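Written below as structure tokens is the structure these notes are about.
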Amino acid sequence: MIPICLVFRAHEPYRLRRYNYFDVGRRHDYFDAAAMHRRLARSEQLSYEPATRMLERLLERHPRFAFSLALSGPLLEQLSVLVPSRLTAFRRLVETGRVEALCATSHHCLPWAVSSSELEEQIRIHRQQIHRALGRVPAVFGGEDPSDAGVLGALAESIGLSGMLLDGSGALASGPARRRLYRPPSPAGLPVMVRDDELSDGIERRFSDRRSAQSPLTAEKFDGWISATPGDILCLSMDLETFGLRHPAEGGIFDFFQTWVARALSRPDSHFLTPSEAFEKLSPAESLPRGATAAGTANEMQQDALSTLASLEGRVKAEGGTLCVDDFRRLTGSEHFRAMSLSTGDAARGETGAFDSPYEAYMAFRHAVSDLERRLPRPRPERALSVGPTRA
């Protein structure tokens with residue numbers, strides 16, 4: 001049976017509020033704190049708490065069960081203030097030695113990084129966040145869509161990471177092509193594992209599809225798909241909110257998953273591996289195809305928003321102080337730019353605010369950046385040299 005690398009993601013973005021022109025220069029609270037608190041409380045009650053208990057039970061019952069956690073920086077920051085007990089529970093999982101914590105960028109900025117230096121700084125910050133919260137220094141990068149696997153690979157190598165777990169694009173064929181290790185076009189060729197979106201999204205689609213009542217997804221059926229899957233390594237990546245929030249517990253999602261894990265582990269040849277274990281056991285077969293992890297094309301609103309924010313980076317870090325740097329980094333989150341997309345629809349816009357259109361999301365972002373710029377010290381005008389009277 002193909003080895004399985006199971007990844008659970010969790011992310012709570014900073015939700016940009018309807019920040020308008022009349023707020024600029026008057027209010028510096030760009031994010032909807034009340035909405036963020038409500039969302040986190042709901043996720044904690046319906047997903048994080050019951051999902052963590054389920055994972056603890058599976059670890060206790062099955063000594064060969066293992067997985068990894070990709071917890072975003074914004075989630076860690078919010079949990080540390082509002083639900084510190086959840087961080088304690090996540091730490092217990094990691095302390096079993098069979099749960100690997102992955103690193104990412106501290107503010108979920110990877111697809112829209114303002115600069116390579118900021119990207120590197122955010123990865124270092126997130127590694128420190130994971131160390132403080134979970135007691136481990138992450139060795140593997142995972143949990144975000146990259147814009148350039150080559151640049152990211154070189155950066156990961158310079159920081160000292162041992163591998164990367166990435167989402168693939170349409171340029172990488174589905175099926176067996178996603179079930180092997182690759183090397184990116186970077187100096188040391190850091191090993192890369194690519195998420196199998198077809199099987200990862202299979203649970204989400206089948207539980208969401210109203211027609212699935214006619215052909216429900218059972219643990220036996222899913223196990224049949226997995227056992228018949230060819231390849232070297234199968235990376236299944238799921239959002240923790242799949243359990244309880246997106247799919248209510250009464251719909252059977254928890255029972256389904258626990259039954260599938262037990263069924264898979266009943267085979268002596270089954271293996272659940274963490275990414276680090278997979279990189280130790282397997283060797284990359286070939287170089288990652290060009291464009292295999294490339295991001296989509298940005299529209300004019302996204303390009304303008306990114307360039308405007310990027311233009312402030314030097315001044316913010318040199319003159320802005322801690323609060324300005326914090327707000328700058330929170331504005332780098334990829335959700336703000338996804339909300340400006342003309343193709344992702346209301347679901348993406350709802351991640352960061354109650355925006356009715358991409359343009360409304362764009363204007364709220366631009367107004368926030370404009371206010372951030374006003375908070376910076378104004379450059380002093382250069383004084384003209386005094387020139388005395390000339391002689392005839």
Side-chain angles (χ1 to χ4, degrees), residues 8-19 23 27-53 55-56 68-95 99 101-110 118 121-138 143-144 239-241 243-246 316-317 320-336 339 350-354 364-365 368 371-372 375:
F8 291 103
R9 303 183 185 191
H11 174 49
E12 293 291 341
Y14 292 103
R15 300 175 185 278
L16 192 65
R17 68 177 183 85
R18 291 176 181 266
Y19 193 84
D23 291 327
R27 300 181 59 176
H28 310 315
D29 54 335
Y30 311 140
F31 307 98
D32 192 337
M36 290 162 58
H37 293 176
R38 289 194 301 269
R39 170 74 185 197
L40 180 59
R42 180 173 170 80
S43 297
E44 165 65 15
Q45 177 186 5
L46 298 179
S47 290
Y48 299 155
E49 195 273 336
T52 302
R53 284 192 286 106
L55 294 172
E56 286 179 324
S68 59
L69 282 174
L71 307 177
S72 76
L75 172 66
L76 293 174
E77 285 192 359
Q78 294 177 62
L79 287 178
S80 67
V81 175
L82 301 173
V83 197
S85 61
R86 183 56 40 219
L87 290 181
T88 302
F90 285 144
R91 187 172 185 134
R92 286 199 305 268
L93 294 177
V94 173
E95 288 175 345
V99 178
L102 306 180
C103 78
T105 61
S106 61
H107 289 74
H108 228 248
C109 77
L110 186 56
E118 174 64 13
E121 197 167 353
Q122 287 206 23
I123 294 175
R124 293 184 186 277
I125 291 172
H126 191 255
R127 294 187 82 193
Q128 295 169 0
Q129 289 176 314
I130 293 292
H131 187 205
R132 285 195 303 268
L134 306 182
R136 297 290 189 278
V137 177
E144 292 184 74
D239 198 311
L240 270 183
E241 290 186 350
F243 300 91
L245 187 63
R246 296 180 184 173
V316 167
K317 293 180 179 179
T322 301
L323 293 179
C324 284
V325 172
D326 286 346
D327 282 338
F328 172 82
R329 291 210 161 109
R330 290 173 180 176
L331 287 168
T332 64
S334 60
E335 295 83 8
H336 308 307
E351 289 181 359
T352 53
F365 184 90
D371 182 80
L372 178 61
R375 291 162 60 187

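As the structure is a prediction and not an experimental result, all values here were calculated from the model. Residues take their numbers from the sequence shown, with the count starting at 1.
- T332 and E118 are not linked by any side-chain donor-acceptor pair at a separation below 3.5 angstrom, with hydrogens and angles left out of the test.
- Between Y30 and L16 the shortest heavy-atom distance is O-CD1, 3.3 Å.
- For the residue pair Q45 and E49, no side-chain donor N or O sits within less than 3.5 Å of a side-chain acceptor on the partner.
- Using a distance-only test at 3.5 Å, with no hydrogens or angles considered, a donor-acceptor pair links the side chain of S334 to the main chain of H108.
- The backbone N or O of E241 lies less than 3.5 Å from no partner atom in the side chain of R246, so there is not a single donor-acceptor pair.
- Summarising the geometry, atom NE2 belonging to H126 is positioned 9.0 Å from atom CG belonging to L102; distances are rounded to the nearest 0.5 Å.
- Side-chain contact between R39 and L245 is present, with heavy atoms from C-beta onward closer than 4.5 Å.
- Between the Y19 side chain and the D371 main chain, no donor and acceptor come within less than 3.5 Å of each other.
- In this structure, the side chains of I125 and R329 come closer than 4.5 Å at one or more pairs of heavy atoms.
- Remark: R15 does not engage E335 in a salt bridge, criterion side-chain N to carboxylate O under 4.0 Å.
- Rounding to the nearest 0.5 angstrom, the gap separating the OG atom in S43 from the CZ atom in R38 is 12.5 Å.
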Run the side chain to side chain contact (heavy atoms under 4.5 Å, CB included) test on L79 and L40 for me, step by step, so that the C-alpha distance in whole Å, both residues' side-chain angles and the decisive distance to 0.1 Å come before the verdict. CA-CA 8 Å; L79 287 178; L40 180 59; 3.9 Å; yes
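- Other residues, nucleotides and ligands contribute at most 12 non-hydrogen atoms within 6.0 Å of the CZ atom of R42.
- Under the side-chain hydrogen bond (donor to acceptor under 3.5 Å, both in side chains) criterion, D326 pairs with no residue at all, not counting sequence neighbours.
- Contacts of R375 classified as salt bridge (charged side-chain N to carboxylate O under 4.0 Å, His left out), with partners at least two apart in sequence or in another chain: D327.
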May I have the step-by-step check of side chain to side chain contact (heavy atoms under 4.5 Å, CB included) for L93 and L134, ending in yes or no? CA-CA 9 Å; L93 294 177; L134 306 182; over 6 Å; no
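- Inter-residue side-chain proximity for L55 and V99 is flagged as unmet; no heavy-atom pair is nearer than 4.5 Å.
- At distances below 3.5 Å, at least one donor-acceptor pair connects side-chain atoms of Q122 with backbone N or O atoms of H107.
- For residues 70-84, every residue pair satisfying the side chain to side chain donor-acceptor pair (under 3.5 Å) rule, not counting sequence neighbours, is listed here: H11-S72, Y14-E77.
- Residue D23 holds its CG atom at 7.5 Å from CG of D29, rounded to the nearest 0.5 Å.
- Across L69 and F90, no two heavy atoms sit closer than the pair CD1-CD2, 4.1 Å.
- A donor and an acceptor atom, one from each side chain of S106 and Q129, are nowhere located under 3.5 Å apart.
- Residues E12 and Y48 are in side-chain contact: their nearest non-hydrogen atoms beyond the backbone lie under 4.5 Å apart.
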